[in-house]
Amino acid sequence: MSLVLQSLPVIQKAVREPACDLCVMSADASPRDVCVTAQGSPSVVPRYAVVGKFPPSQKATQELGDYLTEVGLDPTEAVFMGAVKCRTWGTAPNRTIIKACKPYLHEELALLPDTVTHVLVMGNEALQAALGKSGITKYRSQEYEIQTFHPETKSARTLTAIPTIAHSAVSRNPGQLQGFMADLRYFAARVGGKEGGAAQVAPPKNIRYVLDKLELRRLKRALENADIVSYDIESASDHPGFLESDPSSKIVSISFTILSKDKKLSAWAVPLFHPQSPWRRIWERVLEFIREAFCKVPRSIAHNGKFDNRWLRQWGVERYLTFDTMLAAHLLNENRAKGLKPLAHTELGVPNWGIDTKDLLNVPIMEVLEYNALDTWYTYFLYRKFRRQLLEQKRLRAIFQRFFMPSANEFTGIERRGVWTDRKRLFTRYEEAKQKLAEIETKLREYVPEDHPYKLYDRQGNLKDDGVNFNASNFLRWLLFEHLGLPVIKRGKEKDDGSPGAPSVAEGVMMELAEIHPMAQLLIDRVEWYKFCTAFFAAYTELITADDRIHTTFKLHGTTTGRLSSGKENDGEKISAKKQVRGVNLQQVPRNKFIRGLFGAPPGSYFVEFDYSQVELRVAAELAHEPTMIHLYQTGQDIHMTMAMQMTGKPAHLVTKEERKKAKSVNFGFLYGMQWRKYIETAWNNYGLRVTEEEAQLFRKAFFLQFPELLVWHRKQRAMVAKYGRVESPLGRVRHLPDIYSPDREVKAEAERQAINSPVQSFASDMILISLVVLHKKFREMGLKARSIGTVHDALNLEIPENEMAVALPMIKEVMENLPLREWFGVELHVPIIADCKVGTHWGDAMELEEHHIHNWDPSILTTAA
DNA sequence: TATCCCTGCGCG
DNA sequence: AAAGCGCGCAGGGATA
């Protein structure tokens with residue numbers, strides 16, 4: 001269908017200013033393209049409006065019209081407007097331009113006929129112009145009001161705006177399509193006049209508010225007769241990280257949606273510590289009253305239930321979670337937004353029912369309870385939908401049941417347990433680090449001139465601060481490249497306006513500058529100590545709990561491949577205006593004794609690390625059926641060492657650990673599609689090694705000559721993703737790569753490399769999750785107190801009592817090297833899988849055990865070796 | 001003051 | 001023409 005657009009005469013007459021010179025755009029445009037106002041189909045009564053970046057062009061509108069048609073909207077019933085009214089080529093609209101043009105748009109909006117009540121706002125520029133907000137990914141998918149008032153016609157209007165991303169962004173990155181279409185469907189339903197959008201699920205007819213003893217007893221009976229319970233807590237804490245063990249932490253309310261054994265559905269909300277709660281003083285007893293009935297319900301559902309379970313466990317409620325809707329959503333589509341609200345929106349068509357959860361204690365109790373109950377209500381309906389989808393996909397279902405949900409439950413314990421931290425070392429070493437940093441900065445200051453253009457003055461003109469900042473600041477760039485006149489070796493990203501990026505002050509650049517100026521080496525050292533102080537010691541000292549342990553949150557939904565991410569509970573959480581809540585990522589603890597030596601096991605136990613040796617290379621060898629690699633592994637050889645020998649030209653016994661580690665990054669680089677140019681950079685940055693272009697090309701060629709099947713496998717993955725738009729790991733984890741259909745070659749090539757990497761990374765990380773759940777079961781069966789305390793991608797960290805070591809070590813090795821892959825997934829490996837073991841009182845001092853020491857544990861080997 | 005984007009670097 | 005993958009945290013600078 002072709003769409004013919006014309007300017008709407010009423011709006012054009014009132015708004016258009018052909019001589020507009022409020023910004024630079026008009027100078028670039030031909031006269032007829034200056035100040036192009038609202039367009040629509042003549043002789044059709046418009047029913048909705050669309051705001052984009054520019055006035056609609058025929059081609060762009062046609063494309064958009066197809067999307068609109070797909071969700072049931074008639075594009076001829078639309079009024080199209082631009083945030084910027086001039087049609088130009090070459091000039092990108094910045095904030096100043098959008099601001100200048102904004103009044104025109106609001107005049108247009110004020111003049112829209114009454115048949116138009118909803119506005120689709122597409123892209124960040126339109127968002128800025130229509131709503132005065134910036135950050136489309138944050139504001140999309142929700143409803144906002146636009147108040148318009150036209151001074152001449154004296155007409156006031158309230159329009160409902162629904163922002164989404166620009167459809168041009170969708171064409172470039174097809175990965176965005178799903179969320180975009182959900183937004184359009186939602187918009188279409190609202191234009192259609194349906195209250196609550198395209199809601200497929202109605203809210204509960206009534207919510208049972210448990211405010212007295214009678215209702216509490218009824219709730220208990222309902223739980224006793226329940227087949228399924230969906231649950232959710234609201235919590236509050238003075239501790240900014242919301243750690244449940246903080247003395248100030250309380251459960252504000254708890255809610256349930258219950259499906260009884262005779263299939264009746266009901267929603268319940270129980271106020272607990274809320275200030276207006278009738279149970280406030282005895283809330284813990286109320287929880288205890290329903291504890292057993294709640295824990296015995298056969299099936300339990302929650303959205304990110306690991307969080308709720310940690311808090312409930314703090315007050316003695318041990319509820320095993322059988323179905324987590326967030327994790328199911330992630331497994332079914334790793335790319336989508338996983339919050340309850342966005343999922344209810346895209347999957348059930350339910351509009352946001354949110355309240356500001358930051359200040360729950362000051363929200364009226366009934367609002368909190370309703371909100372809390374709706375959370376469980378919609379969680380229940382998400383469960384029904386996702387359960388059906390998982391039942392249809394056997395392999396995903398196996399993953400979900402065999403180890404995804406079990407490991408989620410295991411991480412409840414791991415996060416609560418935390419990792420033991422040597423308090424004494426922590427605080428003394430922090431002081432040492434600060435001292436070291438101060439020494440470096442003293443030396444650096446010798447190169448700072450008395451006069452420099454970065455001094456800061458207060459209002460009285462007194463010197464406030466010396467403006468010296470050795471971080472990657474404008475001051476540092478001035479000092480190095482203007483004052484000292486050192487050469488600019490590399491620049492950052494080009495600016496939007498085409499001007500060159502700022503000179504890079506990264507380590508690789510400093511390594512080159514170190515040959516001509518002594519300051520560069522000092523800066524390299526400073527960066528390291530600064531990072532130690534701020535990102536590690538500051539966070540550790542702040543977050544260590546009274547029992548000498550540091551806790552992190554592991555997200556099972558944190559990555560696209562199935563790896564875990566580790567860090568703070570909520571991204572972007574803040575204490576105050578300036579200060580972020582600190583988080584600890586226990587997967588990025590620096591690999592040196594100074595910092596890894598802070599963590600360990602308390603007296604009476606050992607810190608034990610089992611890691612899969614070269615696991616990604618082994619998996620790649622398996623997936624590629626690479627005969628040389630497989631042979632090397634079957635004969636017990638080390639591919640990283642082979643590469644290290646090639647790079648250094650040293651024989652095996654002279655290659656250092658550090659050199660081998662660096663060769664590793666080169667192997668992974670080539671394995672996953674790195675080109676020779678990037679290899680030159682890698683060799684220099686990681687290795688301090690100068691490689692010529694010829695050498696780089698030779699090395700890469702040699703790598704693939706040695707392992708020729710890898711290239712065949714690369715081709716196979718590229719063909720696979722081109723055909724299906726997705727790839728799968730051997731266990732059936734799916735990585736959707738819609739960007740493979742992008743017209744942008746760079747975007748497409750990126751998707752191809754991801755298609756190569758993903759199955760490998762997925763499989764390797766799933767091996768650790770499987771280890772975790774099998775081991776946990778073994779520990780329980782064998783009555784051991786040994787426990788996992790965390791994972792680091794291909795490694796499992798444990799805390800094992802001294803008297804269990806002899807039994808635990810060989811058992812763990814046996815389990816990890818012989819996972820039930822055939823029994824659970826029908827997968828058979830040809831490459832041997834090896835788990836290496838390190839033991840120590842502290843992580844940093846842990847010693848690698850020889851195979852016979854694993855089978856014949858003797859604590860004295862730790863001391864005799866030292 | 002709050003937010004966004006970028007740089008830089010810690011880990012696998 | 002050019003292209004390793006996967007993360008989280010601290011900080012600077014621009015902008016409204």
Side-chain angles (χ1 to χ4, degrees), chain A residues 94-96 98-99 124 128 132-138 469 471-477 490-493 495-496 501-510 524 527-528 530-536 538-539 552-553 555 558-568 571-572 574 576-592 595-596 611-612 615-616 620 661 664-679 681-682 685 700 714 735 745-762 764-765 768 791-795:
Chain A
N94 58 28
R95 289 187 186 191
T96 320
I98 289 162
K99 211 171 148 187
N124 201 41
Q128 288 175 47
K133 299 174 189 296
S134 183
I136 188 63
T137 51
K138 183 178 167 194
N469 180 351
N471 290 331
S473 62
N474 286 346
F475 166 80
L476 183 67
R477 294 188 169 99
K490 205 180 137 194
R491 282 183 180 276
K493 229 183 162 182
K495 304 265 171 61
D496 284 347
S504 168
V505 290
E507 191 179 355
V509 170
M510 289 303 138
I524 291 172
V527 164
E528 186 181 21
Y530 185 82
K531 179 99 176 160
F532 284 176
C533 285
T534 56
F536 301 112
T552 185
T553 304
K555 286 187 188 159
T559 77
T560 50
T561 57
R563 274 190 173 186
L564 306 189
S565 71
S566 155
K568 62 183 91 158
D571 298 345
K574 293 192 172 214
S576 62
K578 281 208 131 166
K579 223 174 168 198
Q580 295 273 333
V581 169
R582 286 197 189 277
V584 167
N585 179 342
L586 285 178
Q587 299 188 142
Q588 62 177 193
V589 179
R591 249 175 164 276
N592 60 54
I595 298 192
R596 279 207 178 177
D611 77 290
Y612 279 122
V615 65
E616 284 197 20
K661 186 195 148 196
K664 206 164 148 179
S665 71
V666 174
N667 277 337
F668 287 130
F670 287 150
L671 177 66
Y672 295 134
M674 182 168 65
Q675 303 298 305
W676 61 265
R677 261 174 220 284
K678 174 89 176 192
Y679 167 64
E681 217 179 301
T682 305
N685 287 340
R700 189 167 184 282
H714 282 191
R735 174 85 189 262
R745 297 179 62 159
E746 210 175 308
V747 173
K748 184 183 159 87
E750 194 179 348
E752 289 177 342
R753 293 192 300 274
Q754 289 163 333
I756 291 165
N757 170 275
S758 275
V760 180
Q761 206 182 96
S762 276
S765 53
I768 277 291
T791 60
V792 191
H793 306 307
D794 59 6

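Naming convention: chains lettered A, B, ... in sequence-line order (proteins, then strands); numbering from 1 in each chain. No hydrogens, no waters, no symmetry mates; every other heavy atom, side chains included, goes into these values.
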Next item on the list: Measure across A/Ala502 and A/Arg477 and return the closest heavy-atom pair with its distance rounded to 0.1 Å.
Entry: CB-NE, 3.7 Å
Margin query: Using OP1 and OP2 only, check whether a side-chain N or O of A/Asn757 sits under 4.0 Å from C/dG6.
Written below: no
Next item on the list: Figure out the CG/P separation between A/Asp794 and C/dC7, and round it to whole Å.
Entry: 16 Å
Notebook entry, point to check: Would you say A/Arg700's side chain and A/Met674's backbone share a donor-acceptor pair under 3.5 angstrom?
Noted result: yes
Next item on the list: Enter the distance from A/Leu564:CG to A/His793:NE2 here, rounded to the nearest 0.5 Å.
Entry: 8.0 Å
Note to self: Under 4.0 Å from OP1 or OP2 of C/dG13: is there any side-chain N or O of A/Asn474 that close?
What the structure shows: yes
Check: Rounding to a whole Å, what distance do you find between A/Trp676:CH2 and C/dA2:P?
Finding: 8 Å
Checklist line | B/dG8: pairing nucleotide in any strand, Watson-Crick or G-U under 3.5 angstrom | finding: C/dC9
Next item on the list: Under the salt bridge (charged side-chain N to carboxylate O under 4.0 Å, His left out) rule, collect the residues that match up with A/Lys531, sequence neighbours excluded.
Entry: none
Check: Whole Å only: how far is the CZ atom of A/Phe532 from the P atom of B/dG10?
Finding: 7 Å
Item checked: Touch class at under 4.0 angstrom, heavy-atom based, for A/Val760 against every strand present -> nothing
Item checked: Distance in Å, A/Thr682 OG1 paired with A/Phe670 CZ, rounded so as to fall on 0.5 Å steps -> 8.0 Å
Note to self: Does C/dG8 have OP1 or OP2 under 4.0 Å away from a side-chain N or O of A/Ser565?
What the structure shows: yes
Item checked: Whole-Å gap separating P (C/dG4) and NZ (A/Lys748) -> 18 Å
Notebook entry, point to check: What's the CG-P distance between A/Leu671 and B/dG12, to the nearest Å?
Noted result: 18 Å
Checklist line | Spacing of CZ belonging to A/Arg563 relative to CD1 belonging to A/Ile768, to within rounding of 0.5 Å | finding: 11.0 Å
Notebook entry, point to check: Donor-acceptor pair under 3.5 Å: do we get one between A/Arg753's side chain and the base of C/dG4?
Noted result: no
Next item on the list: Using a heavy-atom cut-off of under 4.0 Å over every strand shown, decide if A/Arg491 touches base, sugar-phosphate, or nothing.
Entry: nothing
Notebook entry, point to check: Touch check for A/Arg700, heavy atoms < 4.0 angstrom, all strands: base, sugar-phosphate only, or nothing?
Noted result: nothing
Item checked: Short side-chain N/O contact to C/dA2 OP1/OP2 from A/Arg677, under 4.0 Å -> yes
Notebook entry, point to check: Considering only B/dG10, C/dA10, C/dG6, which nucleotide approaches the side chain of A/Thr559 most closely?
Noted result: C/dG6
Check: Pick the nucleotide of DNA chain C nearest each of A/Gly583 and A/Thr561; which residue has the one closer to the 5' end?
Finding: A/Thr561
Margin query: Of the options B/dG10, C/dC5, B/dG8, whose atoms approach the side-chain atoms of A/Gln754 most closely?
Written below: C/dC5
Margin query: Whether A/Arg477 contacts B/dT7 is assessed here as follows: a side-chain N or O lying under 4.0 Å from the phosphate OP1 or OP2. Is that the case?
Written below: no
Margin query: Measuring from the side chain of A/His793 (C-beta onward, heavy atoms only), which nucleotide among B/dG12, C/dG4, C/dG8 has the closest atom?
Written below: B/dG12
Next item on the list: Kindly say whether, by distance alone, the side chain of A/Arg591 makes a donor-acceptor pair under 3.5 Å with the base of B/dG10?
Entry: no
Checklist line | Contacts of type salt bridge (charged side-chain N to carboxylate O under 4.0 Å, His left out), residue A/Arg582, not counting sequence neighbours | finding: A/Glu542
Note to self: Between P on C/dA3 and OH on A/Tyr679, what's the gap in Å once rounded to a whole number?
What the structure shows: 16 Å
Checklist line | Side-chain donor/acceptor contact of A/Lys531 with base of B/dC9 under 3.5 Å | finding: yes
Check: Are any of A/Asn469's side-chain N or O atoms less than 4.0 Å away from OP1 or OP2 of C/dG12?
Finding: yes
Checklist line | Protein-nucleotide distance (A/Glu507, atom CD; B/dC9, atom P), rounded to Å | finding: 6 Å
Notebook entry, point to check: Nearest to the side chain of A/Ala506 - B/dG10, B/dC9, C/dG11?
Noted result: B/dC9
Next item on the list: Report yes if at least one side-chain N or O of A/Tyr530 is closer than 4.0 Å to OP1 or OP2 of C/dG11; otherwise report no.
Entry: yes
Margin query: Students often get this wrong, so: under 4.0 angstrom with heavy atoms, is A/Ser765 touching a base, only sugar-phosphate, or nothing?
Written below: nothing
Check: Side-chain N or O of A/Ser504 less than 4.0 angstrom from OP1 or OP2 on B/dG8?
Finding: yes
Check: In Å and rounded to the nearest 0.5 Å, what is the CD to CD distance from A/Glu616 to A/Gln761?
Finding: 5.5 Å
Check: Quick one: on DNA chain C, does A/Glu750 or A/Lys555 contact a more 5' nucleotide (nearest heavy atom)?
Finding: A/Glu750
Next item on the list: Would you kindly check whether a donor in the side chain of A/Gln761 faces an acceptor in the base of C/dC5, or vice versa, at under 3.5 angstrom?
Entry: yes
Check: Just checking A/Ser758: base, sugar-phosphate only, or nothing, at a heavy-atom cut-off of under 4.0 Å?
Finding: nothing
Margin query: Under 4.0 Å from OP1 or OP2 of C/dG4: is there any side-chain N or O of A/Gln675 that close?
Written below: no
Margin query: Using a 4.0 Å heavy-atom cut-off, does A/Lys99 contact any base of the nucleic acid, only the sugar-phosphate backbone, or nothing at all?
Written below: nothing
Check: For A/Glu616, which contact category applies under a 4.0 Å heavy-atom criterion: base, sugar-phosphate, or nothing?
Finding: nothing
Next item on the list: Check the distance between B/dC11's C1' and A/Phe668's CZ and give it to me in whole angstrom.
Entry: 13 Å
